[in-house]
A.B. asks: 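Could you have a look at this structure, given as structure tokens, before my questions?
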Amino acid sequence: MTALRLEDLRQHSDALRSRHGEAVTVRFVEPRDAEGVQNYFRGLSARSRYNRFFGAISQLPPGLLDRYIQVGEADQFSVVATMQVDGHETIVGEARYAFDVETSSFEFGLSIDDRWQGHGIGAALLKNLECRAAAFGASTLFGDTLRSNDAMIALARKSAYVFGNSPGDWKLVRFAKEINVAPQDIPCASWRLAKAA
């Protein structure tokens, strides 16, 4: 798949709600977001960054940042969850995912800003990723996390994921879920339109 054109990106934004009813927008990362994405990761606690990348980093290395903002290259996509805070669009979460056509699987990772954890944004973002996976036609979606990442494990468990070992790394646990959604039943409006097209 080639990188998506900027004019295509905006039609694939989704409006979600936090646990307290706050509006959350999930949209593709664009090249203009490079500084904001970098600042988001710098603003995470050391523990949250470690949980997200399975190692100690203080910011995204330039090559990884570049991959984050090139949406659709090598069938990999990045989205940000944003909210209006004091009149400014603020990144409160992010996710990166990849679709493997051969295995019909959808792999993802996500993080939520420490200040916004506990607001239901992680659960809403995870549900949105399930919609996106269904729109791709994936039969399974999965993620890996550190065995010590209690928050991600609790979120996956609450969202009915099944747990197992992650191939090749004993420090990680894999959580997976089968997708049994017909295209016409995909709840994310923009992705229903994309699947129909």
Side-chain angles (χ1 to χ4, degrees), residues 1-14 16 24-85 88-103 105-117 121-122 124-126 128-133 135-138 141-146 149 152 166-169 171-172 174 188 190-191 194:
M1 178 178 288
T2 58
L4 297 177
R5 297 184 309 273
L6 286 179
E7 60 269 21
D8 294 335
L9 297 181
R10 290 180 184 89
Q11 68 178 331
H12 299 300
S13 296
D14 291 305
L16 313 178
V24 179
T25 299
V26 176
R27 64 171 178 79
F28 280 123
V29 171
E30 299 179 25
R32 68 178 172 90
D33 295 313
E35 184 177 354
V37 168
Q38 187 68 279
N39 287 337
Y40 168 81
F41 284 114
R42 287 178 183 145
L44 293 178
S45 66
R47 180 183 177 101
S48 289
R49 284 194 305 269
Y50 191 90
N51 282 339
R52 179 65 175 91
F53 296 105
F54 311 146
I57 66 168
S58 58
Q59 64 180 14
L60 292 180
L64 183 54
L65 177 60
D66 188 58
R67 288 194 296 277
Y68 254 82
I69 62 173
Q70 302 305 319
V71 174
E73 286 190 2
D75 288 335
Q76 297 182 7
F77 304 84
S78 302
V79 293
V80 287
T82 67
M83 294 175 63
Q84 289 295 317
V85 179
H88 299 285
E89 182 188 45
T90 303
I91 298 173
V92 296
E94 60 77 35
R96 185 150 169 82
Y97 57 90
F99 178 61
D100 186 329
V101 176
E102 291 183 11
T103 62
S105 62
F106 185 97
E107 181 178 7
F108 70 93
L110 64 85
S111 69
I112 303 298
D113 186 309
D114 295 78
R115 295 164 292 187
W116 291 96
Q117 291 177 12
I121 296 170
L125 181 55
L126 183 55
N128 185 257
L129 291 175
E130 293 174 11
C131 290
R132 290 170 183 259
F136 270 101
L141 74 157
F142 70 92
D144 292 322
T145 194
L146 292 165
N149 189 349
M152 188 67 230
S166 180
D169 196 335
K171 296 177 296 194
L172 302 178
R174 175 162 291 180
C188 301
S190 65
W191 286 89

A.B. asks: Which label fits Y97 and F136: parallel for a plane angle under 30°, tilted from 30 to 60°, or perpendicular past 60°?
C.D. replies: perpendicular
A.B. asks: Can you check whether M152 reaches L146 side chain to side chain, under 4.5 Å on heavy atoms?
C.D. replies: no
A.B. asks: Quick one: ring-ring contact (aromatic ring centres under 6.0 Å, His included) partners of F41, sequence neighbours excluded?
C.D. replies: F53, Y68
A.B. asks: Closest approach of A124 and L16, non-hydrogen atoms and distance?
C.D. replies: O-CD1, 3.6 Å
A.B. asks: Show me the donor-acceptor pairs within less than 3.5 Å that the side chains of residues 55-66 make with the rest of the protein, sequence neighbours left out.
C.D. replies:
| residue | atom | partner | partner atom | Å |
| --- | --- | --- | --- | --- |
| Q59 | OE1 | R42 | NE | 2.7 |
| Q59 | OE1 | R42 | NH2 | 2.7 |

A.B. asks: Can you list everything that forms a side-chain hydrogen bond (donor to acceptor under 3.5 Å, both in side chains) with Q84? Sequence neighbours excluded, please.
C.D. replies: none
A.B. asks: Got a second to check how far R27's CZ is from D14's CG, nearest 0.5 Å?
C.D. replies: 12.5 Å
A.B. asks: Checking N51 now: which residues fulfil side-chain hydrogen bond (donor to acceptor under 3.5 Å, both in side chains) with it, not counting sequence neighbours?
C.D. replies: none
A.B. asks: Between CZ of F54 and CG of D144, what distance do you get to the nearest 0.5 Å?
C.D. replies: 6.0 Å
A.B. asks: Determine yes or no for a side-chain-to-main-chain donor-acceptor pair under 3.5 angstrom, with T90 supplying the side chain and H88 the backbone.
C.D. replies: yes
A.B. asks: CD1 of I69 to CZ of F28: how many Å apart, nearest 0.5 Å?
C.D. replies: 15.0 Å
A.B. asks: Is there any salt bridge (Lys or Arg N to Asp or Glu O under 4.0 Å) pair reaching into residues 53-64, and which pairs are they, with sequence neighbours excluded?
C.D. replies: none
A.B. asks: Apply side-chain hydrogen bond (donor to acceptor under 3.5 Å, both in side chains) to Q76 and list each qualifying residue two or more places apart in sequence or on a separate chain.
C.D. replies: R96
A.B. asks: List the residues meeting side-chain contact (heavy atoms from CB on, under 4.5 Å) with S48, not counting sequence neighbours, and say none if there are none.
C.D. replies: L44, S45, D114, Q117
A.B. asks: Restricting to salt bridge (charged side-chain N to carboxylate O under 4.0 Å, His left out), what partner residues turn up for E130, sequence neighbours left out?
C.D. replies: K127, K177
A.B. asks: Distance from D33 atom CG to I91 atom CD1, nearest 0.5 Å?
C.D. replies: 5.5 Å
A.B. asks: Excluding sequence neighbours, so at least two apart, what forms side-chain hydrogen bond (donor to acceptor under 3.5 Å, both in side chains) with T145?
C.D. replies: N149
A.B. asks: Just to verify, what does D113 make a side-chain contact (heavy atoms from CB on, under 4.5 Å) with, not counting sequence neighbours?
C.D. replies: Y40, R115, W116
A.B. asks: Please walk me through it: do R132 and F106 pass side-chain contact (heavy atoms from CB on, under 4.5 Å)?
C.D. replies: CA-CA 9 Å; R132 290 170 183 259; F106 185 97; 4.2 Å; yes
A.B. asks: Does R52 have any salt bridge (charged side-chain N to carboxylate O under 4.0 Å, His left out) partners at least two apart in sequence or in another chain, and if so, which?
C.D. replies: E94
A.B. asks: Shortest non-hydrogen contact from L110 to L129?
C.D. replies: CD2-CD1, 4.0 Å
A.B. asks: Could you state the interatomic distance from CG (N128) to CD1 (I121), rounded to the nearest 0.5 Å?
C.D. replies: 13.0 Å
A.B. asks: For F142, what residues pass the ring-ring contact (aromatic ring centres under 6.0 Å, His included) criterion, not counting sequence neighbours?
C.D. replies: none
